[in-house]
Amino acid sequence: MGKRKDKNKVILPPELPPEVDDDEVAVSEEDIAFYAGDSKNAAPFRHFDQKSIDRYVRRVTGRDEGEVERLYEERQKRKATESSGRPREEDDDLEVDPVDALPIKTLQGELVYNRCMKAKKARSDDNSSSVNSKAQEEGADAKHSIKKDEPKGKSKIKKGDDKVKNTQFQTEVPKGKLHSDVLDEVKEELSTEELFEKKKAQLAELGMAMLEDPESNIRSLNDMLSISNDKDQKVVKLGLMSLLAVFKDIIPSYRIRQLTEKELTVEVSKEVKKTRYYEYTLIRCYKAYLQKLISLEKQPQFYPVAVRCMCALLDTVPHFNFRESLLASVVKNLSSSDDVVRKMCCETIRSLFVNEGKHRGEATIEAVRLIADHVKLNDCQLHPDSIEVFLSLRFDEDLEKDEKEEEKVKPKKNKRRQNQEALKQLPASDKKKTRQELISKAREEVDADLRAVSFTLDPKERKRIQKETLSALFESYFRILKHSMSISNSRSKANNASGGLHPLLAPCLDGLGKFSHLIDLDFMGELISCLKKLSGYSDRQGQIPNDNTLSVSERLQCCIVAFKVWRSNLEALNVDLQDFFVQLYNLILEYRPDRDRGEVLADALKTLLWEGKQQDMLRAAAFIKRLATFALSFGSAEAIAALVTLKHLLQKNSKCRNMLENDSGGGSLSCLVAKYNPEAEDPYLSGALASVLWELSLLEKHYDNSVSSMASNILSMANLNPTQNPVPILNLNPLEAYRDLSTERELSKPPGKALSLNLKKKRRGKEFVALSPDVLQKADCSVDKDVLEEKLQNHFTVLRGISENERLRAELNHTLSSINMYKEYKKQKKKNRKLKTGRKKIARV
Amino acid sequence: MAKKLGKKARKFARKNLQSAAKRNRKIRNQINHRRPRRGGGAAREDGDQEVPQRVDDATMATNDDAAISINGLEFPEDDFEIDAEVSDSDGYLSEDPGCPYYSDSEDGDAVKDCIMQDGLDRQNEDMNLDIKKQKKKLKKLLDKDPDFVNFLEKWQSELESYRSKEDSDEDDGMDSMDDEDDSNDGSSRSAKILTGKTINEWSQLVSKEPKSPAIRNLLNAFRDACRYGVHSDSSSLQRFQNARVFYQIITFVLSESDNIFRALLEISDDANKGKIMNLKQSKKWKTVDPLIKSYLQNSLGLLSQLTDNKILAFVLTRLRVSVVLFSAYPSTSRRLLKILLRLWASGDQTLSLSAFLMIREVASLLPDCLDLCLTKAYNTYLASTKLVNDRNTKHIDFLMNCLVELHSLDVQKSSERAVTSVEQLNAILRRASKTKEKEDLRKIDNWQYINCVNLWVRFLCCNYKDYNLHPLLSRVLQVIRGVAHLFPGTRYLPLRLKLVQMLNELSTCSQMFFPIPSLLFDCLEFREDSQKAQTQKAKVKFSSLLKVPKSLLKSREFQEECILSAIQVISTHFAQWSYHVSFPEVATIPLILLKRLHEQTAIESLHRPIKRLIDQVNENKDFIERKREVASFSPNDKASVDSFLQEEKSCGNTSFTRFYASVAENWQPRGRKTL
């Protein structure tokens, strides 16, 4: 149908009869849009158009049919290519592109683009040459292409598409106008607001139609795309958002596959054709839409909108085509400086990680790889958020274990089990065997069914994906670690501005801690030594720990991670963690309440001391003493965390309880160092066992109730047997205890019930409580009599002066006004005289 | 001075007098309509209320302002007190004609005793000359044209009738009667010019016999003296022969009247309110009542009119003895309070002290005034602490102490107030920590908030020992910790130091332990990246700062002040626990920091104080360690721990105590208060 109309148009008589007018109008309308869109190209084209059209119109009918035809065709072509080129972001130069540039055969977008680009280049070259030759050339080109296209159904439909559009435009534009410049005027007359309203309504209509029946209205996607090419920013944004809504709704739950050559050649039923056409249009528009988004993202005014659209798409349809490009730009924006955008992207990536069912984990691995690349490219100077998203990754622990078992343990175990079984099963009957087989068979069947229903990948595939994800994840983590190390080494003396140097380190350490159980054993040794270096351990080369550029929190985190790694690998690792204890021992003193994160310290206490098994006695004593001292100088939250740890250590190491007692000048246990040195750097050399925990007696007076009761609770241990433990009063680990008492928590708590004080009624005597007596004495020395007299007399004089002044002024005013009255009096007199004389005159007369 | 006063008075008279007088008259008229007039001449209505009225307006206005800016810190005042009893007569007393008036023979020349030759007098003289000239001119005119005399008379009578019409419009014809009274009464009075001899005679009469009728004359003279110049009542203007007479009347009445009244009422010095109320029913009272009333009201008038601080202080001290008499007149005592609070908040030291003593007297003698007193004083305090600079820190401190005094009069009552106020502070803090918005933070980062916290801290310090105020203490602590947490960073170091000082005070009074060092790390680890090239010398005084201006942040002075202040507060902390058995441990971490600071600091002037502190702390540490090595008790033996070194403490002769005393002394001249 479209084709026929097409042909009609081509053979149209040149005098532009009113029936075909609409066609012309449509073209002009598009021209306007084009000119408006791209002013750079506007001038030559307008020139060309006007000239040719005017010339043509003025001509007598049928004189030069060939040229007429050519012109007509050309115009049409331009229109067609323009509409298809529009989605490609203002590529208005494509206007004169050959129609065959469209990728009808392949369904592949990139091809089209390339060809268009070429055409564009050619076009721009042509621009400089004469108008005529260009027109001819293009005309020929167009003709050729049409011939070529004709056999292909899809191109027909595409043309028809344009027709539909044209008719739509036609309704809006006043009829009967020929020239583009005239139309220009008309358009200008329409106020921008009206236009906006109209476009909005149009968008809404199209969108509604799409949602109602996507199958038959799929072509309106093109219209929506072209609307979102508007020059009005608001319209563009609206268009993008409505397209987003439409796409979210209509995108199918499967990925659209490219049709092979073979499939294309095979004759198919109408239904299939229809579906194919639908899918083809959908994917073409989707692609165009994405390209538009990606290009708009570079413009600051569209940046948030474009990113939001991409995030929403990635969130809802991660399985669909072109996920790669979506992911790439979302990942790129993970470290955007715009807070809102960054938060949005992080949320999207997180939900991608969490809802793996949507894309079977493929997107996860892609995202992780992309982030890893991103980290590499930016030399670890990114916003921490971009690494923090890894924390939402989920790895199937069972799978991981299975894998391990399969790879390493299983062979052995199986052998063993088989042996055992063989041994055991020798006497067993065959019946049993068959039964077991039956059971296992049934299980397999059920499993298969389950898998089929739940659309999950088969475990092997999943394992593979997870493994790759893990490796990419740890790759970036290790890269960050290495990077921080190299910097801390090279800059150790150059610049000691801490913070901001390793923006990624903190989330990286968090992640390492979280996934510590998944780290390959081969890396373990290296990792630990790396952490050791980072935590500030310096092989005792006299380096001052201050030179380390890492902050205290980061160093504490290193300790925590090392312990977590060690512990999660069943403590089988043969690593010496002693250095980390030394580090913690010193870091406790470096901690500053507002600068460092108290939670990290509490976490370190928890991981290193509270969770550990029995400690070395010397070390435990050193920590006990240091924590007690620490509690004296820091706020209640830190103090309670320290006390909880201290109590735990005392419970575990009953020998250290001697420190609670003062036997003959110090602890009863003697050790290498006889005198306690509070500033020692090595817990083994501090001599803490010889000290007494006097701190606790002062902590009992602590203003915070929980701290003071904890202190007395600990003190009560002194009277108990080594095996006995005091009544537990606070069953929390240091971290929880810290959080409970932290100021933030306290401030966010709802205000307690109204305070009511019950005081015994007691009226104080007249003694003063706040004012010092020497101040009060000043009051009693009354003013000197003479001074007083003088002052009072002065006061009187002044007052009298004032009132005298007032009186005199009144009198003066009165006198003056009296004098003034004289003038008036004279005036009146004159009048009277005049009157009198007048009367006299009258009398005389 | 005198010139200034003159200008002020004139300006005031021009601006406010007319409208205020008008309004007053109206109000009074309304009331008078309802009341039967008193016997002819016994009382004379006049616009004498206008001055206090203005004070009311002023205080109310400032209160309104304060309410806006404090956003809920202050207590609501029920300002229903547009005195219902405004119509109190001004206290003119009918005189006994038997009292002698002496003409002035001995000092007849005293009319022209203007010692002061200031601008006003010269102006007056000029004007006199001018008048003479103009009058001559007028006379000439009159002589020239006799008809003009008639014309002028006609015009004058017209003018007068017009004026009287205007008056009657305003006064609904009420004043015409007053005028009559005035003309009858006032003319007879004004005829009698008061001379020094008269006053002397009267004073002697009254001193000999309090019941003598001369007291009425004296009080009338006092009334005229108090209202002198405020009301351009020409009749009373001429009553005082000279300034000395004026002085005599005022000083005599102020200093003697209390004794006279007490003699008349036959009450002792320690009479309280109940006694006065009892007396009120008696017959005796009825005779004395108008006298007292006149005296009190006119004194108040004097107070609101005077501008000189010394005279004001004098009047206040004189008036203080008769505070109890105010209890009979609630509205008058309210007026008194307002005036007192205004004077209290004024900057002058002696004046505000005497005003405060009077307020305290009022609050303790008149229990039903206490509430009003506390509310008003609290609000006045908040309003006057809005701005703090180098000059008024002392004054604000004084005001705070006064307020604590007032609150300590009835701890039960005022602790309720304290609780509400602290809850308000807490609520503001919570909101700020929730939103973290600049506007909300601003409400904390200002002097009113901090001074309010400081007030309750001081209140706690004074009363913690005698009352169970622990719940209030923990609330206040919460506020302090919250504020310290909300404002980290070097810029807020002055604020932080202030909070630490408060904690030190609380710790001393409650004998609880506060981990002071945790708030001081910022000071002690101050990074010195100062530009050495800085030339301008800026004085940094933390006492009047909460937030350091950015320009000073890197200056050497700021760093110096920072560390010196830190040394000061931390030595307070050390001093408090210098006899405790765990002093070595208390000092451990701060010592490490101090040593590091001593090594690293580049500012020469700081080396010595730091070193001194380190040495002293070390010495005390060794001392305690030596002592506790020989001790036989364990840390869990509470009683022994508490009694450890108590003897030494009571002697206060260790080197650290001495050191701290010297530090505190050094601090005093810097304008810092220490406990």
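Only heavy atoms go into these numbers, but all of them, side chains included; no hydrogens, no water, no symmetry mates. In the text below, chain A, chain B and the rest are named by the order of the sequence lines, each starting its count at 1. Since the model is a prediction, treat every value here as computed from it, not as a measurement.
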[options]: which one forms the most heavy-atom pairs within less than 4.5 Å of chain A?
{"options": "M512(B), K413(B), K434(B)", "answer": "M512(B)"}
{"options": "F459(B), F514(B), F583(B)", "answer": "F514(B)"}
{"options": "K137(B), H580(B), Q511(B)", "answer": "H580(B)"}

Where does [X] contact chain B at under 4.5 Å (heavy atoms): side chain, backbone, both or neither?
{"X": "E638(A)", "answer": "neither"}
{"X": "L808(A)", "answer": "both"}
{"X": "L693(A)", "answer": "backbone"}

- Which residues share a side chain to side chain contact (heavy atoms under 4.5 Å, CB included) with K135(B), sequence neighbours left out: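 With neighbours one apart ignored, the set is E811(A), T815(A), I131(B).
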Does any backbone or side-chain atom of [X] lie under 4.5 Å from a heavy atom of chain A? Answer side chain, backbone, both or neither.
{"X": "K133(B)", "result": "neither"}
{"X": "L519(B)", "result": "neither"}
{"X": "V641(B)", "result": "side chain"}

- Query: Hey, are E590(A) and R596(B) close enough for a salt bridge, meaning a charged N less than 4.0 Å from a carboxylate O?
  - Reply: yes
- Task: Check the surroundings of atom NZ in K595(B): do more than 12 heavy atoms from other residues, nucleotides or ligands lie under 6.0 Å from it?
- Result: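 Atom NZ in K595(B) is packed in, count exceeds 12.
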- Output, in order, the C-alpha distance, side-chain angles, deciding distance and verdict of side chain to side chain contact (heavy atoms under 4.5 Å, CB included) for Y703(A) and L473(B). CA-CA 10 Å; Y703(A) 71 95; L473(B) 176 79; over 6 Å; no
Considering non-hydrogen atoms only, spot the tightest contact between [X] and [Y] and give its length.
{"X": "P678(A)", "Y": "T588(B)", "answer": "CB-CG2, 3.5 Å"}
{"X": "S633(A)", "Y": "V586(B)", "answer": "OG-O, 4.1 Å"}
{"X": "F630(A)", "Y": "I589(B)", "answer": "CA-CD1, 3.8 Å"}

- Task: I would like to know whether L699(A) and E585(B) meet side chain to side chain contact (heavy atoms under 4.5 Å, CB included); could you show each step before the answer?
- Result: CA-CA 11 Å; L699(A) 281 171; E585(B) 280 82 11; over 6 Å; no
- Message: Please identify, among E700(A), E695(A), H814(A), the residue contributing the most non-hydrogen atom pairs under 4.5 Å to chain B.
- Response: E695(A)
- Query: Do you know which of L696(A), L660(A), V707(A) has the most heavy-atom pairs under 4.5 Å to chain B?
  - Reply: L660(A)
- For S636(A) and R481(B), run side chain to side chain contact (heavy atoms under 4.5 Å, CB included): C-alpha distance rounded to whole Å, both residues' side-chain angles, the deciding distance at 0.1 Å, then the answer. CA-CA 10 Å; S636(A) 46; R481(B) 282 180 56 207; 3.2 Å; yes
- N705(A): what forms a side-chain hydrogen bond (donor to acceptor under 3.5 Å, both in side chains) with it, not counting sequence neighbours?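 Listed in chain order: nothing, the list is empty.
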- Task: Calculate, to the nearest 0.5 Å, the distance between atoms CG and CG belonging to N128(B) and N805(A) respectively.
- Result: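 N128(B) atom CG to N805(A) atom CG measures 10.5 Å (nearest 0.5 Å).
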